[in-house]
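Just the heavy atoms: all of them, side chains too, but no hydrogens, waters or symmetry mates, feed the values below. First listed ligand is number 1; within each ligand, the first listed atom is number 1.
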Amino acid sequence: MGLRMKSGSRMCRVLGLAALGMALLASGVGAQGSKSPAAKKVEKPARPKLVVLLVVDQMRGDYVDKFRGQWSGGLKRLLAEGAWFRAAAYPYAATETCVGHSTISTGSFPASHGMVANAWWDREQQKMVTCTSDPNAKNMAYAGGSTKGGDSAWRMQVPAYAEELKFQTGGATRVVTFSMKARSAITLAGHKGDAVTWVDPSGALVTSSVFGTMPFVEEFAKKNPVAQDFGKKWSLSLPETAYSYDGSATGAATVDGWTTFPHDLRGKEGGAAPDAAYYEQWGMSPFADTYLTKLAEAAVDSLGLGKSGATDFLGVSYSSVDHVGHTFGPRSWEIQDILVRLDKDLGELLAFLDKKVGAGNYVVALSADHGVAPIPVDMQKTGVDAGVLSLPELQLRIEKALEPLNYAKPVVARMAGNEVYFSEGVYGRLKADPAAMKVVLDAILTMPGVAAVYRAEELGNGTTPIAQTRKAAVLSYFGGRSGDLYVLQKPYWLMDSSPEGSKRVTGTGHGTPYNYDQHVPVFFMGFGIQPGEYFEPVTPADIAPTLAALTGVTLATRDGRVLAEALKKAAKKE
Ligand SMILES: [Zn+2]
């Protein structure tokens, strides 16, 4: 260090020698008066000591403009000191958690990384599989907790940036990721990782046999059981006048044991010990975000992240905003308050990193995996067409439409979100039978709330996209995993899989190619970043290529690009 290289090509030739020289220096051999010319000429390129990738699950892009006045911590700091891409949006249709995290972590779209949904219909096994379920992995709980199943990133078709960072820097990089959700922690890390940790619904910290356990997580889990927040209260952080909208959101879903603020974390009956309802309350409370923040800080301390000489990787996906958004919607005091609390946590995390790694020595990227729709009944108040589209009812219509044409029931194997999967052989028959296909498509198109239906062969064979929404569905299509048909609802309509005759879904959701689901924030701050507001339309797939550029990593597949406009141009000196 402190010496300058004259040219890149020379650096290539002397790098090996330099490494040897450094090793000798470190071991004390020939350290005194060493005049090795190689050692003198080589300078390691400047790299961040730590890459911090933060995801806020379900943080819609417009929240920044709407609620920034309520923030004083980390989100405010990202606005003040970072690069803010105001017009960042996913260009694809499958705006779901597993898809968004995989896009952020790999720099590619679902048509490339293959994580097309949180769960899809496995045609071979004739059952639904989650994006991270792995029959060869076994989940393991820390601190004597319980868990089940097995999860890994084996279904992800391309490596995550974090994996490439570790691989290309020779393994010195530590990859550490945390989330409430398995699919978030796992996809941020990739196929391997050093401390890939999530929280089981039972409150246990969990990893899987694919990643292995870490002593510092065991220690943290023992010292900080999730049950210790039992009895706490989630109260408003700001005076009531600071919040927009009504204190009670129209169309909100119910949470056992909660009415209006303050929300007690005391389980279903306000009892004396944690029950299942307590763990659900905790997962949609600010305490879950604080918990992840403390866990991340423990990782930095225990592993000495940012101190190894290599670039380490810390990924944290904050999940509670998603649970709050689904339940209370985007026009609620709950969503505003959980962001106020998250902003505080992020402020603490950044201050902690300043102290431990050094301000300017690390780079932070923050984004979201998707946005969220307004609650349909809330939207209806404006007079706009909005509603809930029953998937079981749609399935019944398709079955009935084919009844006179001698198709054996059931013709539909599974309705999964926007995807229709036909029973084995049915779709092939429909493709050869235009009259029957028309009957099916008409049955779908006449269903209230349906905007369009796209056939697999229109999405999978590179057909020139006509509508933006079809282009979005093309980017989400992965052969073999996606459905035979893609049913697009109208804007402000939600898909509802509740069985016929049962209570319709309340609260809201996401997963469409409409802006409220696609528009998310993208922030960068710290090492190598040129602060400012950027108005170019970018996508979260640009995050990994940008981090790769800052760390000298090459990504094989990438649908994103390097956000060069937000990178500092180094002054050239001779
Ligand atoms: Zn999500």
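Ionic pairing of Lys192 and Glu163 is not present here: no N-O contact between side-chain nitrogen and carboxylate oxygen is shorter than 4.0 angstrom. Contact check on Asp378 versus Arg331 returns a salt bridge, with a Lys/Arg side-chain nitrogen under 4.0 Å from an Asp/Glu carboxylate oxygen. A salt bridge between Lys181 and Asp369 is absent, with no side-chain N of the basic residue lying under 4.0 Å from a carboxylate O of the acidic one.
Taking the six-membered ring wherever Trp is involved, the centroid distance between the rings of Phe178 and Trp198 does not fall below 6.0 Å.
Shown here are the salt bridge (charged side-chain N to carboxylate O under 4.0 Å, His left out) partners of Asp337, two or more places apart in sequence or in another chain: there are none.
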Between Trp120 and Tyr421, does a ring pair (Phe, Tyr, Trp, His ring centres under 6.0 Å) hold up when you go through it step by step? CA-CA 10 Å; Trp120 57 82; Tyr421 295 86; 9.5 Å; no
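Around the Zn ion (ligand 1), protein N, O or S atoms at a distance under 2.8 Å total 4; waters are neither shown nor counted.
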